[in-house]
Every structure is written in structure tokens, then in C-alpha cells.
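Quick caveat, the model's predicted, so the values are computed rather than measured.
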Amino acid sequence: MQPIILFCVVLAVLGSFTEGERLGNHLSFGTSALAIRGGAKSGRIAESRAAGRRKRPIDEDEDDFDETEEEEDDDSDRPRRSGGKGKLSSAKKTTANKKGVSRRGQSGSSSKSPKKSRSQLIPWGSSSTSKNGKKKRKRSLGLKLLKDGLEGLTKTGQAAYKDFYRKAKVLKSSAFEGILLKATWPSNDPIPSELLSEIVKYSIPSFKYARSDSDDDPYYMTLHKLWTKMCEKDWRTVTKSMYILHCISRDSSTEACANFATALKDMSKTRNAKKPDHKYFELRRLTSDLDDNSLPYEAFVSSYGAFVLQRAKLFFGKFEELKNLSETASEKKVLAALKKAQTLIKAGLAVNVEKDERNVINGQAIRLVALDLKDLWSLYTEKLRPWVASDGTSGKYTESKDNVDEVKAALQFFAEYDGQVQEYLSTQSKAFAKLRVRIPAAIDDASNSGSGSVV
């Protein structure tokens, strides 16, 4: 009995081995078919499970689409299963796949172009040369935009810092210096008339009661502060500083104007202690440090600066030197004053602003230039009358024996520039009318003769 039972057990064991082998063959064939159909990733997982081995990790440089192509190429050289014999094991298939990948990496692309199945996944990591070029262009464009944004933030931060610094300086400065800082603020607004009145009508008249030693002279200190503002980079601050000096020369008392003129001439011969690379009131310094936003106004700043500095040196107030010359004055003295007037008239006619650059700041300056030209030309014409009067009511100046040529030159200047002065006033009056800047349109226009009024 025992031999019979042992025989039956052996037959059952042999049968189970045969059935297991047959089931393994079916699983192996199923995984191969799945890989051929295009499910590369799923086929490898099923194949690994069938072989009882760990799934081979995907190379980071490969994508799903490329690996599927290689598996199709390798499968064409793989022996087909017939009658359950001659099949490849999972380990051999894995080795064949590795050889295929290595072979593709060495020789580039396969000679046979595989058929692409619609079920294949779109490779997320692969990109053609054109795509790479587009990515590079987009990347460079993004970097440029980022750089421009950072530069804009830098300029904004610098402007905010300067604005904060100015406000802090106003708080810690003296009352007069605080007024100058507010009046020369780099904004698009003109200088308020109340600040000009505070400077010209109240602060400067008090200078005669202050100490006047060489180290703390109020006239020198005021000119030093104004010159410091004239050397800044913003054309608005430069123009407003020159406009303040212009108002001081025009509206201050004769005594104050004489003191400012003396200080201006002395300082023009010395170098700036804080910036010894230049002398005070060098005309080239007005435009040498202008920033990019101020470059369109360079010509205006230069011409207006030349006019203001010459006016401060040549005449006081409302041209008191010419006004006080009587008909009994020396002809030589009159001709000398008329020559200074000619120089200033030419400088005034050169002050102009292009159409696209007109605003209330340079309009404020042009208005004061026009007022000076109007007053100066009226006085110039008046001082010529003794030489051209034919009614016998006006006599000639004294000591007029040796000045015939100079008198002819003075008369010739009148004939040449009378039309130009008239045209200048008319043109500027129309040009700034839209900005509500009131400029006299003619020599006999008596409206708006004050310096502080703008609109």
C-alpha cells in the first residue's frame, strides 16, 4: 500500500511543475506582446513581475517615446515562440534592451525607422532644436525684462532716497537754507511766489544786519548755496537755482545787488572748496553733470545760465545804471553802459525753448528774461534820443568830440535789433499762452511786470 501512495504523490508533484511551466510561458508571451503594442512602461512592469525581478530603472536621459522605439527594434531580432520552446526569459529580454540602448547611444539613430503607435505617450522631456532655440530666446527675453525691471527699481529707490534725504535736510537746516531747499525742489511745479517773497523781500534785506566777516558773509554763503544747487544733475533744480539768482539781481535793493555782484566776481576767481576741480560760476559746470532726463534741456540751461550770470555782474535791480544817466552825463559813460546793454540783450535773445520742451518751469524763466528785455530795450531807446532828436528839446551828452564811431555803432545796433526784440516778445507770449504763463507781447505792454507772478 505504501509504494502505491508514494507513486501517486510523485505524479502529482510532476504535474504541478508542468502546469507551472506552462503558465509561465503564457505570462512571458503576454508581456512581450504588451511591449510590442506600445505600452513600454506598463510592459516593463508586467515583465518584471512575470520574471520575479525588480523593474529596471529608467535612465534620466531617456524618454518614454525613445525607449519604446528601441524595444520595437530589439523585438524584430528576437526569436519567436513556437510550441513553447525557444522562448527568451525575462532576464534575456532585459539584457537585450540594455544592449539596444547602449547601441543607440553609440551610433546615434537606428537604421530602421520604427512605426510610431498612436498609443505611445508624448515625451515631456524631449525638445527639438527649434524648440531649444525658442526656449533660449524666451529665456534671454525674460532676463532682459528682469534686468530692466531691476534697473527701474534701482532708479526708483535712488529717487526715493534723494527725496527722503532732501526732506531730512530741510528739517535740520537753518530757516533760510530750508527755504532754498524747498524752492529748488526737483519737481515739475514752478517756484511758489511766497517762497520768492520770503527770500527777496525778507531774508536778503536782513543780511546788512548780519556779520560780514570773510568766513560768514551772508552774500557769499547765499551764492555758495545757490551754486551748489546749480551743479546738481536735475535740470529743474539747476533752473530754479538760476531763477532765484535772477530774481535777487532784479528785485533786490541796489545795495544788496551791489554786494551780490561783488561777491559773484570775487568767487568767480576762486575754486570751490568742496569740489576743487572747478571755479565758482563756470558756465560749463551748469551742463556737465546733467542726467539723461535733463539732456534735452541742455541748450536752454546753458543759455539761461549765461544770461543770469551776465546780468548779475553787469546791472543792478531794474537797470539802475542806465536809468540814472541824465542828458548831462558824459557821453563816454553813456556809451559804456549801452555796450553792456547790448551784450545782455544778445544773451537774452539766445534764451529759447523748443516746442516739445516747454513747461511752467522754463516758462517762468523765459517770462523773466522777456521782462528784462522789455525794460532794457525801453531804456536803451531812451538813451539814444539825445543823438537823434530834431526838435531841439534834447541836447547832446557832454564830451562828445571823439565818440562818433561809437555813437554810430549804438544807433546801428538799435536798427538791427529792434525788430528782433519785438518778435521775441511776441513769439514767447504766444508759445507759453497755453501754459498760462503771462509774458509781455510788446515793448509797450505794461501788464505783469512783477517777477513773482507767473499765471
Side-chain angles (χ1 to χ4, degrees), residues 176 179-180 183 191 193 195-214 216-227 241-269 280-281 304-345 347-348 365 367-383 397 440 446 448-453:
F176 181 70
I179 293 174
L180 289 179
I191 302 177
S193 57
L195 290 181
L196 286 174
S197 298
E198 182 68 27
I199 294 172
V200 177
K201 294 182 180 180
Y202 300 102
S203 299
I204 292 179
S206 64
F207 286 176
K208 61 182 178 180
Y209 304 109
R211 292 187 305 169
S212 59
D213 56 347
S214 58
D216 195 20
D217 186 278
Y219 301 99
Y220 284 81
M221 293 301 297
T222 301
L223 290 176
H224 169 76
K225 294 180 185 300
L226 288 176
W227 176 247
S241 303
M242 294 187 297
Y243 182 77
I244 292 174
L245 180 58
H246 194 172
C247 291
I248 291 174
S249 301
R250 177 179 173 85
D251 297 329
S252 295
S253 64
T254 304
E255 180 184 359
C257 289
N259 291 331
F260 274 114
T262 301
L264 184 62
K265 294 176 182 179
D266 291 343
M267 294 176 68
S268 300
K269 302 175 183 178
Y280 281 102
F281 303 106
Y304 182 57
F307 176 82
V308 171
L309 294 178
Q310 286 184 9
R311 192 201 194 287
K313 295 177 181 179
L314 296 177
F315 292 101
F316 305 150
K318 305 291 180 62
F319 311 104
E320 306 297 334
E321 298 89 332
L322 275 175
K323 189 180 296 185
N324 294 331
L325 291 175
S326 65
E327 295 180 357
T328 59
S330 170
E331 189 176 72
K332 190 173 183 179
K333 185 177 181 180
V334 174
L335 289 172
L338 292 179
K339 285 183 179 179
K340 292 195 298 183
Q342 293 174 9
T343 301
L344 193 59
I345 289 170
R367 178 178 179 274
L368 213 57
V369 172
L371 289 174
D372 276 344
L373 286 176
K374 172 180 171 295
D375 295 340
L376 187 58
W377 192 252
S378 297
L379 290 172
Y380 187 91
T381 304
E382 180 183 338
K383 300 309 172 185
Y397 297 108
N448 301 314
S449 59
S451 302
S453 177

Legend entry - Residues that T328 engages under side chain to side chain donor-acceptor pair (under 3.5 Å), provided they are two or more places apart: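 In terms of side chain to side chain donor-acceptor pair (under 3.5 Å), with neighbours along the sequence ignored, T328 is linked to S326.
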Inset, instruction - Report the residues that fulfil side chain to side chain donor-acceptor pair (under 3.5 Å) with Q342, sequence neighbours left out, ordered by chain and then residue number. - result: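 Partners of Q342 under the side chain to side chain donor-acceptor pair (under 3.5 Å) test: Y380.
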Identify the two heavy atoms, one from [X] and one from [Y], that lie closest to each other, and give their separation to 0.1 Å.
{"X": "I199", "Y": "P205", "result": "O-CD, 4.5 Å"}
{"X": "M242", "Y": "G305", "result": "SD-CA, 3.2 Å"}
{"X": "Y304", "Y": "V369", "result": "CE1-CG2, 3.6 Å"}
{"X": "L264", "Y": "L309", "result": "CD2-O, 4.1 Å"}

Between [Y] and [X], is there a side-chain heavy-atom distance shorter than 4.5 Å?
{"X": "Y280", "Y": "L223", "result": "no"}
{"X": "F307", "Y": "H246", "result": "yes"}
{"X": "E382", "Y": "L322", "result": "no"}
{"X": "D217", "Y": "F207", "result": "no"}
{"X": "L226", "Y": "I248", "result": "yes"}

Legend entry - Residues forming a ring pair (Phe, Tyr, Trp, His ring centres under 6.0 Å) with F260, sequence neighbours excluded: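 Only Y219 meet the ring pair (Phe, Tyr, Trp, His ring centres under 6.0 Å) criterion with F260.
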Inset, instruction - Report the residues that fulfil ring pair (Phe, Tyr, Trp, His ring centres under 6.0 Å) with F281, sequence neighbours left out, ordered by chain and then residue number. - result: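 F281 satisfies ring pair (Phe, Tyr, Trp, His ring centres under 6.0 Å) with W227 once adjacent residues are dropped.
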Just jot down the side chain to side chain contact (heavy atoms under 4.5 Å, CB included) partners of [X], sequence neighbours excluded, or say none.
{"X": "E198", "answer": "I179, Y202, S203"}
{"X": "K323", "answer": "K318, E320, L379"}
{"X": "A306", "answer": "L283"}
{"X": "S249", "answer": "L245, R311, A312"}

Inset, instruction - Keeping the roles fixed (side chain from K383, backbone from L338), state whether a donor-acceptor pair exists under 3.5 Å. - result: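 Pair absent, no side-chain N/O of K383 close to backbone of L338.
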Inset, instruction - Go through the steps to decide whether L314 and E321 satisfy the test side chain to side chain contact (heavy atoms under 4.5 Å, CB included), and finish with yes or no. - result: CA-CA 9 Å; L314 296 177; E321 298 89 332; over 6 Å; no
Inset, instruction - Quickly, which of K333, K332, E331 forms a side-chain contact (heavy atoms from CB on, under 4.5 Å) with L335? Name it, please. - result: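 Output: one option passes, namely E331.
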Legend entry - Among D372, V200, V308, side-chain contact (heavy atoms from CB on, under 4.5 Å) partner for R250: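 The passing option is D372.
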Inset, instruction - For K339, check salt bridge (charged side-chain N to carboxylate O under 4.0 Å, His left out) against everything at least two apart and list the hits. - result: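 Partners of K339 under the salt bridge (charged side-chain N to carboxylate O under 4.0 Å, His left out) test: E406.
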Legend entry - Residues forming a salt bridge (charged side-chain N to carboxylate O under 4.0 Å, His left out) with K225, sequence neighbours excluded: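 For K225 the salt bridge (charged side-chain N to carboxylate O under 4.0 Å, His left out) partners, ignoring immediate neighbours, are E177.
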Inset, instruction - Could you grab the distance from atom CG of L376 to atom NZ of K340, nearest 0.5 Å is fine? - result: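 Between L376 CG and K340 NZ, I get 11.0 Å after rounding to 0.5 Å.
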Inset, instruction - Can you tell me which residue pairs pass the ring pair (Phe, Tyr, Trp, His ring centres under 6.0 Å) test with a partner in residues 316-339, sequence neighbours excluded? - result: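 Counting only pairs at least two positions apart or across chains, the ring pair (Phe, Tyr, Trp, His ring centres under 6.0 Å) contacts touching residues 316-339 are F315-F319.
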